[in-house]
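As structure tokens, the structure follows; a few thoughts come after it.
Below, chain A is the first sequence line, B the second, and so on; all start at residue 1. Below, each value reflects all heavy atoms present in this structure, side chains not excepted, and no hydrogens, waters or symmetry copies.
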There are 4 protein chains.
Amino acid sequence: MAEDRPLRADARRNRALLLQVAKTAFASDGLSVPLDEIARRAGVGPGTLYRHFPTKEALFEAVVHERLRQLVDDARALRSADDAGAALLGFIDRLVAEAAAKRDLVDALAGADIDITTTVAATAADLRSEIGHLLVRAQRCNTIRSDIGIADLMAIVSGILSAVQPRFNDRADPERVLAVLHDGLQATPRDRGGRDQRE
Amino acid sequence: MAEDRPLRADARRNRALLLQVAKTAFASDGLSVPLDEIARRAGVGPGTLYRHFPTKEALFEAVVHERLRQLVDDARALRSADDAGAALLGFIDRLVAEAAAKRDLVDALAGADIDITTTVAATAADLRSEIGHLLVRAQRCNTIRSDIGIADLMAIVSGILSAVQPRFNDRADPERVLAVLHDGLQATPRDRGGRDQRE
Amino acid sequence: MAEDRPLRADARRNRALLLQVAKTAFASDGLSVPLDEIARRAGVGPGTLYRHFPTKEALFEAVVHERLRQLVDDARALRSADDAGAALLGFIDRLVAEAAAKRDLVDALAGADIDITTTVAATAADLRSEIGHLLVRAQRCNTIRSDIGIADLMAIVSGILSAVQPRFNDRADPERVLAVLHDGLQATPRDRGGRDQRE
Amino acid sequence: MAEDRPLRADARRNRALLLQVAKTAFASDGLSVPLDEIARRAGVGPGTLYRHFPTKEALFEAVVHERLRQLVDDARALRSADDAGAALLGFIDRLVAEAAAKRDLVDALAGADIDITTTVAATAADLRSEIGHLLVRAQRCNTIRSDIGIADLMAIVSGILSAVQPRFNDRADPERVLAVLHDGLQATPRDRGGRDQRE
DNA sequence: GATGAATGAGCATTCATTCAT
DNA sequence: AATGAATGAATGCTCATTCAT
């Protein structure tokens with residue numbers, strides 16, 4: 001069961017610190033932030049950064065990966081929720097609220113110019129799968145419109161997430177944006193009576 | 001007193017060519033494309049590029065500016081449309097369709113890491129204003145929900161635009177995404193009867 | 001016949017200067033000399049060096065290539081020599097004399113740790129071919145022993161060249177080393193009477 | 001007053017292991033092999049390597065030193081050989097055969113870019129001295145030409161050694177190379193009758 | 001003694017910008 | 001005006017060496 005090396009205490013601390021610093025740095029300055037800068041902010045030499053993350057891409061991936069893993073855990077916890085529709089919308093609401101406050105999530109979901117490798121892709125697929133579960137259940141109980149798939153939902157949500165980012169958005173109100181999203185996603189209009197409501 | 005002379009014919013041609021090439025290059029490779037590469041593709045020396053656009057930022061702004069001006073013109077043409085709601089939604093549909101096909105628009109609207117300066121901001125404000133006109137008219141004739149403002153709409157639309165980009169989106173169907181957006185934006189549910197529809 | 005771009009006068013001057021400086025630098029300090037150092041010695045920025053030679057390997061290859069080309073020319077001039085044996089030995093003598101004075105030749109022939117690419121390999125093959133001509137002719141007129149091939153000769157000569165390098169050699173006398181080489185190469189002993197001379 | 005304590009058993013084992021690994025590593029990859037790599041191959045931490053060999057240069061020197069000591073021992077064993085000429089030539093033949101098979105010897109003798117310090121120099125001088133003995137004796141019994149000195153011989157031999165290295169030599173036949181060397185070194189031609197043999 | 005994490009100077013390479021031709 | 005060569009600061013990465021555990 002060789003646990004991938006237990007890492008010394010100081011090394012683990014540094015690794016976590018670097019991840020944290022990198023997350024913040026990427027979030028505020030984008031991918032263009034120099035690695036030396038991240039190392040400096042973490043108070044370590046560039047070589048230490050290199051020891052933990054052998055390329056810039058690896059560091060970015062680690063940041064994204066960790067974020068995705070949190071989301072997967074959160075989504076998984078909702079599997080057993082009574083009201084699937086509420087669970088899904090609540091999950092999305094929380095994502096949006098967080099994205100409106102900070103700035104890392106979007107890069108995590110959108111991917112920038114760096115190739116996301118298999119490892120991260122697997123976790124991303126996990127997230128998609130978990131949200132897919134919620135979606136299907138919510139569609140079954142007629143809360144969410146049944147004509148969209150998980151790919152559509154992921155695209156819409158990640159779009160909304162970037163829309164509410166503080167960087168690009170001075171005045172939009174996340175609450176109102178969410179209201180539009182909720183209404184667009186809900187099952188009622190088309191599922192109850194088709195598109196005739198516009199008459 | 002540089003009196004903004006009308007430029008020699010070849011100079012004007014070069015400027016237009018560079019803008020075109022830069023637009024394509026930024027669209028396909030992002031902002032990281034080297035200026036030398038753009039100059040090469042346009043068949044001119046980097047010095048020539050520099051003569052027309054003194055910094056990379058200036059070039060990018062010019063590209064964005066031109067794109068925005070086109071959009072402003074398009075939106076303005078809809079001022080006199082009979083059906084303001086249809087005009088607005090149609091305009092958005094076209095934006096989405098284009099974004100789903102190419103890749104420049106989002107960078108133009110989202111702005112990446114480069115600061116958009118006053119010049120471009122003015123045109124961006126024009127666009128916002130034109131779309132705002134359409135929004136207000138569509139809200140007055142009860143086609144678009146009245147609880148959102150232009151800032152909300154711009155945010156949502158630019159989010160959706162990035163969502164349907166070919167780069168980040170393999171499987172989402174622009175049509176279904178638009179269906180959600182339409183339903184989310186439409187006036188009916190809440191304006192006709194408030195939120196009681198879910199009962 | 002697009003002549004590979006005629007290059008501007010200053011560019012050609014810089015290219016030649018860089019080659020010259022690099023040759024000297026590699027010769028005296030080996031491949032480990034930093035490119036910045038070469039650029040500095042040439043009085044140009046590292047970017048200029050990069051413009052002419054996009055990688056360190058390319059620069060090294062260019063240096064080697066040029067040297068080899070000179071040798072090929074020199075060897076080719078001997079094709080029509082009356083006395084092939086004297087021509088060959090004279091050519092080798094000159095190589096040894098130069099190697100004993102400077103230090104680039106050996107790296108040129110020995111190749112260090114950098115992979116020599118096709119271009120240089122072709123010129124190296126040319127050199128081998130030219131020397132091979134001289135060898136065969138010298139063997140035909142019974143001046144050089146007939147039991148060795150061009151590969152053997154090249155190995156021996158390049159070995160001798162490194163042997164007389166000032167770097168590794170404080171006290172060996174190039175003249176005496178050459179005497180050994182001459183006697184070892186000459187046809188007489190074995191070709192006249194085989195190995196019975198040792199009796 | 002570090003009194004050169006006899007070292008703990010495991011320390012001695014580690015030292016020997018590191019030397020062995022370093023020899024192989026330098027031989028196959030040259031001096032550019034990272035110390036971390038050597039430590040890894042030996043299964044120890046870089047700190048351990050450092051304890052035994054305080055600098056890279058020290059490690060390299062130790063490797064060379066050991067190799068030279070072996071050679072000195074081998075050469076010394078030939079002091080009492082009956083036929084000094086055969087002993088010398090046989091010794092050289094063995095060196096060449098080994099160099100043609102592996103790749104460490106030449107670096108050991110040639111020295112690359114690292115300065116060989118006094119310690120190694122002393123052993124190298126020992127080797128030179130031992131071979132010098134053989135040379136003088138062989139010259140006295142008229143087997144080896146008398147016009148060359150030990151410096152000449154060392155240079156020639158080390159040159160030949162690099163010539164037959166597998167790295168630089170695809171097709172040269174060590175046997176034929178040795179034949180040339182033997183004929184070049186033998187006493188006969190000039191010592192018996194001067195240079196008149198060419199008539 | 002051993003370990004392996006940390007250090008940080010140093011390197012090859014890139015590219016926005018400037019300027020001689 | 002155009003050209004394209006030159007500039008040089010900046011960046012990602014390496015690795016010999018040091019030091020805390």
Side-chain angles (χ1 to χ4, degrees), chain A residues 5 7-15 32-40 42-59, chain B residues 7-11 14-15 32-40 43-59, chain C residues 5 7-15 32-40 42-59, chain D residues 5 7-11 14 32-40 43-59:
Chain A
R5 273 185 279 162
L7 276 185
R8 248 161 53 176
D10 55 347
R12 190 159 48 228
R13 227 178 304 122
N14 265 337
R15 200 193 131 92
S32 63
V33 67
L35 291 188
D36 286 16
E37 171 69 14
I38 292 176
R40 206 183 50 70
V44 303
T48 301
L49 203 169
Y50 173 72
R51 161 176 280 269
H52 291 290
F53 309 98
T55 64
K56 186 173 199 172
E57 193 166 320
L59 174 60
Chain B
L7 283 181
R8 254 163 47 177
D10 56 347
N14 266 340
R15 198 192 133 91
S32 64
V33 66
L35 291 189
D36 285 15
E37 171 70 14
I38 292 176
R40 206 184 49 70
V44 304
T48 303
L49 201 168
Y50 178 70
R51 162 169 290 270
H52 290 290
F53 308 98
T55 65
K56 187 173 199 172
E57 194 167 318
L59 173 60
Chain C
R5 274 186 278 163
L7 278 183
R8 248 161 54 177
D10 54 348
R12 190 159 50 229
R13 229 179 301 122
N14 265 337
R15 199 193 132 92
S32 63
V33 69
L35 292 188
D36 285 16
E37 172 68 13
I38 292 177
R40 205 183 49 71
V44 304
T48 301
L49 202 169
Y50 173 73
R51 161 175 283 268
H52 291 291
F53 309 98
T55 64
K56 187 175 199 171
E57 193 166 320
L59 174 60
Chain D
R5 278 184 280 165
L7 281 182
R8 253 162 47 179
D10 57 345
N14 267 340
S32 64
V33 65
L35 292 189
D36 285 15
E37 171 70 12
I38 292 176
R40 205 182 51 68
V44 304
T48 303
L49 202 169
Y50 178 71
R51 164 168 288 272
H52 290 292
F53 308 98
T55 65
K56 185 174 200 173
E57 194 167 317
L59 173 60

**Asked** According to the Watson-Crick and G-U wobble definition with distances under 3.5 Å, which dot-bracket string, read 5' to 3', encodes DNA chain F, using [ ] for crossing pairs and | for pairs with another strand?
**Response** .||||||||||||||||||||
Partners of [X] by side-chain contact (heavy atoms from CB on, under 4.5 Å), sequence neighbours excluded?
X	value
C/Ala42	C/Leu17, C/Leu18, C/Val21, C/Val44
C/Tyr50	C/Pro54
B/Asp36	B/Pro46

**Message:** With a 4.0 Å limit, can you tell me whether D/His52 has a side-chain N or O closer than that to the phosphate oxygens OP1/OP2 of E/dG1?
**Reply:** no
**Asked** Is there a side-chain polar atom (N or O) of D/Asn14 under 4.0 Å from OP1 or OP2 of E/dA2?
**Response**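 The answer is yes; a side-chain N or O of D/Asn14 sits under 4.0 Å from OP1 or OP2.
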Between [X] ([atom1]) and [N] ([atom2]), how many Å, whole number?
X	N	atom1	atom2	result
C/Ile38	E/dC11	CD1	P	12 Å
B/Arg15	F/dA2	CZ	P	12 Å
A/Leu49	F/dC15	CG	P	17 Å

**Fill in**
Comparing nearest nucleotides in DNA chain F, the 5'-proximal residue of the pair C/Val44, B/Val44 is B/Val44
**Item:** Between CG on residue C/Asn14 and NE2 on residue C/His52, distance to nearest 0.5 Å
**Value:** 5.0 Å
**side chain to side chain donor-acceptor pair (under 3.5 Å) against B/Arg51, all qualifying residues, sequence neighbours excluded** = none
**Message:** Using the side chain to side chain donor-acceptor pair (under 3.5 Å) criterion, which residues pair with C/Arg40? Sequence neighbours excluded.
**Reply:**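 C/Arg40 satisfies side chain to side chain donor-acceptor pair (under 3.5 Å) with C/Glu37 only.
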**Fill in**
Under a 4.0 Å heavy-atom criterion, the protein footprint on nucleotides 12-21 of chain E, written with B, S and -, is SBBBSSB---
**Message:** When you measure only distances, ignoring hydrogens and angles, does the side chain of B/Arg51 come within 3.5 Å of the base of F/dA2 through a donor and an acceptor?
**Reply:** no
**Item:** Closest non-hydrogen atom pair, B/Leu49 against B/Ile38
**Value:** CD1-CG2, 4.0 Å
**Fill in**
On a heavy-atom basis, the closest approach of D/Val33 and D/Lys56 is O-NZ, 3.1 Å
